[in-house]
Student: 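The structure follows.
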Amino acid sequence: MSAFKITRLDFWHGARAVLRGIDLTVQSGSVTAVLGPNGAGKSTLLACLAGLLTPRSGAIALGDVDLHVMHSRERAQQIAFLPQTPEIAWPIDVATLVGLGRIPYSGIASEGEDRAAVERAMAMTSVSQWARRSVTELSGGERSRVLLARVFAGTSKWILADEPFTGLDPAHQFEAAELLRAFAADGGGVVLTIHDLSLAARIADRIIVLNEGRVAADGTPEVALEETVLRSVYGVETEWLVANRRRTPVIAIHGRYGS
């Protein structure tokens, strides 16, 4: 088991503080969902964990190693990052794109190991039938599944996914969620951002709610998505309904608190 340890993390964009005083420890072996309104700092936190952004102050350690002194190749072997709006500007085929997930293992893994990993990842995400299709010909949802396959083609210990279910229909949302849960059950760590409260409550072991760059709530779904928290953070009324023996938060249709 490994862990991200985040200590007094501050990140500024120009003159604006995006993250302020974040103190968190995130363990592998579980799915952690980061929620919050637009501009709360969710994507920025994920990019800091991936080593793509350098905080203004504070520290991030993966295990016992400071993330920003870790060699980029080692970091890529430890962490797979799935951005929210990945740019695919050239017409490569699906198998080639999925194979990019093997770049951190160039010179380490054999050609056969790389090929097997790519085929396994495409089968897991049900994209094998598109292996020779150009990625630019796919729909947004299809492309999301291919990009998830690229993540699984690696043998990273952590998956950081920014809105990984965007563009997926409900059936494929749950398939992707089950793949991420299985990865965590095997000892991997998953941190993802998500807007759908109900889906977050179903798939996450732990939920961190950000608001204005600070941690507003942290705990199990039942704790972090408590009605008063959601009223304070989102300004909406919610209620908990029982679905599949688990309480699920549902945004009340009467709208914003106080309206």
Student: Once side chain to side chain donor-acceptor pair (under 3.5 Å) is applied, what residue pairs with a partner in residues 98-107 remain, sequence neighbours excluded?
Tutor: Arg102-Asp114, Tyr105-Thr155
Student: Would Arg181 and Asp205 pass as an ion pair if we require N to O under 4.0 Å?
Tutor: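 Result for this pair is yes, salt bridge flagged.
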Student: Apply side chain to side chain donor-acceptor pair (under 3.5 Å) to Glu142 and list each qualifying residue two or more places apart in sequence or on a separate chain.
Tutor: Ser139
Student: Does Thr166 have any side chain to side chain donor-acceptor pair (under 3.5 Å) partners at least two apart in sequence or in another chain, and if so, which?
Tutor: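 Side chain to side chain donor-acceptor pair (under 3.5 Å) list for Thr166, sorted by chain: empty.
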Student: Which ring pair (Phe, Tyr, Trp, His ring centres under 6.0 Å) pairs, counting each pair once, include a residue from residues 134-164, with sequence neighbours left out?
Tutor: Phe4-Trp158
Student: What pair of heavy atoms forms the shortest contact from Thr25 to Lys5, and how long is it?
Tutor: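 Nearest pair, atom of Thr25 first, then Lys5: OG1-CG, 3.9 Å.
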Student: So which atom in Asp10 and which in Gly21 form the shortest heavy-atom distance, rounded to 0.1 Å?
Tutor: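 Result for this residue pair: OD1-N, 2.5 Å.
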Student: Closest heavy-atom contact between Ile108 and Pro104?
Tutor: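 Looking at all heavy atoms of both residues, the closest pair is CD1-O, 4.1 Å.
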Student: Determine, using the 4.5 Å side-chain heavy-atom cutoff (strictly less than), whether Ile159 and Val127 are members of one ILVMFWY cluster.
Tutor: yes
Student: Could you list the residues that satisfy side chain to side chain donor-acceptor pair (under 3.5 Å) with Thr228, not counting sequence neighbours?
Tutor: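 Testing Thr228 for side chain to side chain donor-acceptor pair (under 3.5 Å), a comparison that skips the adjacent residues, returns Glu226.
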Student: Which heavy-atom pair separates Ile203 from Ala177 by the least distance, and what is that distance?
Tutor: CG2-CB, 3.5 Å
Student: Within a 6.0 Å radius of atom NE2 on His195, are there more than 12 heavy atoms belonging to other residues, nucleotides or ligands?
Tutor: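 Count over threshold, so yes.
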Student: Who are the side chain to side chain donor-acceptor pair (under 3.5 Å) partners of Thr96, not counting sequence neighbours?
Tutor: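 Only Asp93 meet the side chain to side chain donor-acceptor pair (under 3.5 Å) criterion with Thr96.
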Student: Return the CH2 to CG distance between Trp12 and Leu19, rounded to the nearest 0.5 Å.
Tutor: 11.5 Å
